[in-house]
Amino acid sequence: MDLTGKVAVVTGSGRGLGLAYAQELARRGAAVVVNDVDADVAQAAVESISGSGGTAVAEVVPVGTSEAAQALVDRAVGEFGRLDVLVNNAGILRDTTLWKMTDEQFDAVITTHLRGTFTCTRAAAIRMREQGEGGRVIAIGSPTGQVGNFGQTNYAAAKAGIVGMVRTWAMELARAQITVNAVVPVAATAMTETVPFLEPYVTALKNGDPLPPYARKQLGFGSAQDVAGLVAFLASDEAAGITGQAIGVGGDRLALWTHPTETVVEFADGTGWSAEAIAEVWGQRFEGSKQTVGQQFEPES
Ligand SMILES: NC(=O)c1ccc[n+]([C@@H]2O[C@H](COP(=O)([O-])OP(=O)(O)OC[C@H]3O[C@@H](n4cnc5c(N)ncnc54)[C@H](O)[C@@H]3O)[C@@H](O)[C@H]2O)c1
């Protein structure tokens, strides 16, 4: 799956998953604009790519504003002449329960993830439509956005919103042959280091020990490199027919998420639904199909 001749922007690619994406795209021949707020890690990422024979430059700017988005597109075009792939990966966490969450914590997460994905994709879509040769937009969701998670109001809103935008953009950009998909990753990075139930596996990976099949398969947990193959696939010509999807990946697990869909439907006889009528039908028809919230893992056998 050769990406030679393609130009990619990967936001937040100084470390973690973004770094793995940038390295994998470059390894397959793409020229990459590495982006991060942290200049040192961005520079180190460029050096690691160049050191392996790849092509990369760093654009240090905090994703979120229109100006930052334009700077990234301009850098790709100025340096490499075009833009083919955008990976909206930059992200932060400001976790706390609803009743303790400040406006600042809410806004910081929404600005980086949701507004960053919006502004970068808008700037990239304008450029890709001008080029007239299609393109690839890859946005990053999270299990939290799909099903909710304790202590992550801001992050759940941002990640659910991103997948909502992906569905809409897949429709809007189809004619321009720009595909738009969400990757829903899980991997050992600074972001997951503090998640208590992942702690033994994070430690194992740090020590270079293999992870048990339960972690790699049921939890879908592994290294950042385990996730990068999906991004390279979606960036490639092979994935031209795939758009509007949310695809989960982590460890040895690869999964296609459903979009929200009606699961039980009943009809009233021209009278609409009164509270009493709903109470009557609920127990027979809906109660047994109530949806779970939060991630549900199979127990370790
Ligand atoms: N690690 C996981 O298991 C996991 C799971 C679901 C989703 N994600 C998502 O994957 C993405 C990457 O996460 P990660 O685990 O690699 O995190 P990470 O913290 O290891 O790396 C994120 C990088 O983004 C950079 N960054 C932060 N704000 C930025 C901004 N405004 N502009 C540019 N760069 C910025 C950081 O400096 C850092 O280098 C995020 O969108 C995250 O929400 C990760």
Side-chain angles (χ1 to χ4, degrees), residues 9-24 33-46 48 58-69 71-72 75 86-95 107-121 138-149 152 154-163 166 182-195 197-199 201-202 205 211 215-216 219-228 230-231 246-251 253 255 257 295:
V9 168
V10 186
T11 68
S13 50
R15 60 169 78 79
L17 282 161
L19 175 60
Y21 304 154
Q23 288 172 332
E24 180 63 10
V33 176
V34 166
N35 156 259
D36 211 284
V37 274
D38 183 334
D40 291 343
V41 294
Q43 197 45 47
V46 167
S48 81
E59 183 69 25
V60 177
V61 64
V63 161
T65 63
S66 302
E67 292 73 23
L72 289 170
R75 189 69 193 277
L86 168 67
V87 186
N88 290 294
N89 167 81
I92 55 169
L93 291 181
R94 296 287 184 273
D95 290 358
D107 290 347
V109 168
I110 294 294
T111 298
T112 305
H113 290 271
L114 191 67
R115 201 170 197 279
T117 299
F118 159 61
T119 51
C120 287
T121 304
I138 300 165
I140 309 296
S142 162
T144 295
Q146 305 293 97
V147 296
N149 194 24
Q152 294 199 303
N154 44 11
Y155 189 67
K159 291 305 198 187
I162 285 170
V163 178
V166 162
V183 167
V184 181
V186 183
T189 67
M191 210 175 254
T192 44
E193 239 170 26
T194 54
V195 179
F197 77 95
L198 294 175
E199 197 275 328
Y201 309 122
V202 171
L205 275 174
L211 290 187
R216 292 191 57 82
L219 301 182
F221 187 74
S223 67
Q225 288 71 32
D226 289 326
V227 173
L230 175 60
V231 170
I247 308 172
V249 64
R253 193 177 185 102
W257 283 86
Q295 279 188 275

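Just so it is clear, the values below take in all heavy atoms, side chains as well, and ignore hydrogens, waters and symmetry mates. Numbering of ligands and ligand atoms starts at 1, following listing order.
- Interatomic distance, OG1 of Thr117 versus CD1 of Ile140, reported as 8.5 Å (0.5 Å rounding).
- Taking atom 3 (O) of ligand 1 as the reference point, the nearest protein heavy-atom neighbour is Ala187 N, 2.8 Å.
- Leu72 places a side-chain heavy atom less than 4.5 Å from the side chain of Val63.
- Every atom of ligand 1 is numbered from 1 in the order shown, and the set under 4.0 Å from a heavy atom of Thr192 is 1 (N), 2 (C), 3 (O).
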Exercise. Would Leu211 and Leu205 count as a side-chain contact (heavy atoms from CB on, under 4.5 Å) if you check the C-alpha gap in whole Å, the side-chain angles of each, and the deciding distance to 0.1 Å?
Worked result: CA-CA 7 Å; Leu211 290 187; Leu205 275 174; 4.0 Å; yes
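- Below 4.0 Å from some heavy atom of Gly141 lie the following atoms of ligand 1, by number and element: 6 (C), 7 (C).
- Which of His113, Arg115, Met191 comes nearest to atom 13 (O) of ligand 1 through a heavy atom is settled by distance: it is Met191.
- For atom 26 (N) of ligand 1, the closest heavy atom belonging to the protein is Val37 CG2, 3.9 Å.
- Considering only heavy atoms from C-beta on, Tyr155 comes within 4.5 Å of Leu93 through its side chain.
- Closest heavy-atom approach to atom 4 (C) of ligand 1 within the set Ala45, Ser142, Pro185, Ala139: this belongs to Pro185.
- The protein heavy atom nearest to atom 28 (N) of ligand 1 is Ile92 CG2, 3.5 Å.
- In this structure, atom 18 (P) of ligand 1 is not in close contact with the protein, since no protein heavy atom lies within 4.0 Å of it.
- Distances from atom 40 (C) of ligand 1 to the heavy atoms of Thr65, Ile140, Asn89 put Asn89 nearest.
- Heavy-atom proximity to Ala190, at under 4.0 Å, picks out these atoms of ligand 1: 20 (O).
- Close approach of ligand 1 to Gly16 is summarised as follows: ligand atoms under 4.0 Å from at least one heavy atom of the residue are 16 (O), 20 (O).
- With contacts defined as side-chain heavy-atom distances shorter than 4.5 Å, the pair Val10/Val33 does not qualify.
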Problem set entry | side-chain contact (heavy atoms from CB on, under 4.5 Å) evaluation trace for Leu219 with Val186 | CA-CA 9 Å; Leu219 301 182; Val186 183; over 6 Å; no
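- With a 4.5 Å cut-off on side-chain heavy atoms, Tyr21 and Pro185 count as touching.
- In this structure the side chain of Val183 reaches within 4.5 angstrom of the side chain of Val249, judged on heavy atoms.
- Applying the 4.0 Å criterion to heavy atoms of Asn35 picks out, from ligand 1, the atoms 33 (C), 34 (N).
- Side-chain contact between Thr189 and Arg15 is absent, with no heavy-atom pair separated by less than 4.5 Å.
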For this session: Go through the steps to decide whether Lys159 and Thr144 satisfy the test side-chain contact (heavy atoms from CB on, under 4.5 Å), and finish with yes or no.
Result: CA-CA 7 Å; Lys159 291 305 198 187; Thr144 295; 5.7 Å; no
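- Atom CZ of Arg115 and atom CD1 of Ile162 lie 13.5 Å apart (nearest 0.5 Å).
- On a distance-only criterion, Gly14 and ligand 1 share no N/O pair closer than 3.5 Å.
- Residues Arg253 and Arg216 have side chains not in contact (no heavy-atom distance under 4.5 Å, counting atoms from C-beta outward).
- If you check which protein heavy atom lies closest to atom 38 (C) of ligand 1, you get Arg15 NH1, 3.3 Å.
- For ligand 1, the atoms closer than 4.0 angstrom to any heavy atom of Pro62 are 31 (N), 32 (N).
- In terms of protein heavy-atom proximity, atom 27 (C) of ligand 1 is nearest to Gly91 O, 3.4 Å.
- When each atom of ligand 1 is checked for a heavy atom of Val61 under 4.0 Å away, the hits are 32 (N), 33 (C).
- Close N/O approach between Leu17 and ligand 1 is found [any backbone or side-chain N/O within under 3.5 Å].
- Residue-to-ligand polar distances place Asp36 within reach of ligand 1: an N/O pair is separated by less than 3.5 Å.
- Val60 is not listed as a side-chain neighbour of Asn35, based on a closest heavy-atom distance of 4.5 Å or more.
- For Val63, a nitrogen or oxygen atom sits less than 3.5 Å from a nitrogen or oxygen atom of ligand 1, counting backbone and side chain alike.
- In summary, the atoms of ligand 1 found under 4.0 Å from a heavy atom of Tyr155, numbered by their order in the structure, are 6 (C), 7 (C), 8 (N), 9 (C), 42 (C), 43 (O).
- In this structure, Tyr201 and Phe221 have tilted ring planes: the angle between them lies in the 30° to 60° band.
- The nearest heavy-atom contact from the protein to atom 24 (O) of ligand 1 is Gly12 CA, 3.5 Å.
- Nearest protein heavy-atom neighbour of atom 14 (P) of ligand 1: Thr189 OG1, 3.5 Å.
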